[in-house]
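Here the structure comes first, spelled out in structure tokens, and everything after it is commentary.
Position 1 is the first residue of the sequence; numbering continues from there. Just follow the structure's listing: the first ligand is 1, and inside any ligand the first atom is 1. On a predicted model such as this, the values are computed, not experimentally measured, just so you know.
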Amino acid sequence: MTFRVLFACVASLAIALIPGTSRGDGPFPPHKIADNAYYVGSQDLATYLVTTPEGHILINSGFEETVPLIRDAVQTLGFKPTDVKFILASHAHSDHVAGHARLKELTGAQVLVMEGDEGVIRKGGEGQYLYTDQRWLPCPVDRVLKDREKVTLGGVTLTAHRTAGHTPGCTTWTWRTSDRGRPLDVVVIGSPNVNPGYQLVGNTVYPAIASDYAATFRRLKSLPCDIFLGAHGDYYKLPAKHARLKSVDENPFIDPQGYADYVAFKEKAFRDELARQGGTVSEPAVRHSFFIAGPTFTGIIGEEGEELWNAGQPAARDGYVLPNGNVLIAWGDEVRELTREKEVVFRYRKSEGNAELGTVQRLANGNTLITELGARPRLLEVTPKGELAVDCPLLPETDNAHMQTRMARRLPNGNYLAPHLLAFKVKEYTPQGKVVQEFATDLPELGGRPAENWPFTAIRLKNGHTLVNLTHGNKTVEFDPQGKVVWKVGNDDFPEVKPFADPCGGQRLPNGNTVIASYGTQGPIKVFEVNREKQIVWKYTGPHRAHEIQVLTTNGEPIEGEPLK
Ligand SMILES: [Zn+2]
């Protein structure tokens, strides 16, 4: 009894000490976020329940007195607290982990903590930076996690991203869920906040604090995010989104733009505070490893420009490095999926009567999207057994086979987007071949027909815009859903370097930058990356030109999620 009273005092002291936690621990309606994700926290102290057929996972316990609310919320949603197998955390501050010991006792679950925060949880608050006097119930830690370590249960895999600075083991959790059949990437931000009193310069207790924050923002910007969540509900405007849950048809928690805006806003706050304290952090120069389908080389280039893997046959048109490490490649007459040992595990040969193959893409349903050019231009979905699941006629408005189409892609809505070079149009087709939308690339503001803006890519971005490389027209253009130009970049933006020479393949990176393959170049720059402000931030000047590319890593970190290329 004495201990509980004492703890309550410590807890209220903690509330007073940590900004942003002076409220927010009252009950809040538990609710479903997506297929395997639920909110079971209090008003502002977020706790998430991830459900699987083999037990469940909880992220965050709140304060000790939050635990009964969490228990009731889990039960209200129809789940059993004793089915919880893992307890995870956003970071080791009292408002997220002081309830860990009680929650572990209640559920019997294992406690998993990112390295850097495990000591504070084991010792009930001792060892924190700044909040040195706070204590709560110590909790055993069953497993200490490393950056990018995966936690798997019942077919669901969560990734622990060390996003430190706020605490040394601050963790951002990501996993894949779905809603109404649509696959969705979830991000639960650990905390990007620089609290009042945080010393970013000359911090002897936490010397790496500033560079940890900088690395955190790089990581957060690299994560694909559809569903934006965080350690506190106010990160993602929980009350407003929860209110919309009842009134709207779409899922209000799907908010990739809100995520990007929030991360940008918090990064600015960090950089402003760092500048105010007179500090700087050095950013590493950008390095990429990437796949090339090009005239002299088909394979993977490493971050130092070295050849990491060679398919052994140049002149590929399109290709993907698949999540399992295999490489799917379209040559003019054949598509092959190769293991890194070059064993062929999938093959499709061009049909009789057509002239060449254009694009290839492995789809979420396991089929392979392929385009055939020639007398019967068409888009195919080929099953793993080689059967045609879709045979969609294309309308390229030309008999010139080579100029009929290039990088066609399937859209999340099940339709296809195909660029038609000589039609000066990108067309969206239903699987039955009906054109439901067109974008014109010969708009007056782009120079009209004389500019020869032949569309080569048609990349549907997460915000609904479409990114189109205009080969021959030497520019890259982003169209809004109505076909209006919202962003463009071309040689006029780089009058001295003129890096655009038949831009063919391209990719939009998770940080918003665009990578462009300059297929026709006779200069040194074969592939380059531009940011939103139209600065070149990376270039490949090695020996190989590229028809299509896929950026695989940035400074050692993999590009997560479905590549937008
Ligand atoms: Zn905190």
Original post:
Hey, is Lys104 close enough to Asp142 for a salt bridge, meaning N to O under 4.0 Å?
Top reply: yes
Original post:
How about His56 and Tyr38: are their ring centroids closer than 6.0 Å?
Top reply: no
Subject >> For the Zn ion (ligand 1): the N/O/S atom of His91 at shortest distance >> reply: NE2
Subject >> Vertex the Zn ion (ligand 1), arms to His93 ND1 and His166 NE2, rounded to 10° >> reply: 90°
Original post:
When the ring centroid of Phe253 is compared with that of Phe228, is the distance short of 6.0 Å?
Top reply: no
Original post:
Does His96 bring an N, O or S atom to within less than 2.8 Å of the Zn ion (ligand 1)?
Top reply: no
Subject >> Heavy-atom pair with the smallest gap, counting every atom of His288 and Val286 >> reply: NE2-CG1, 3.5 Å
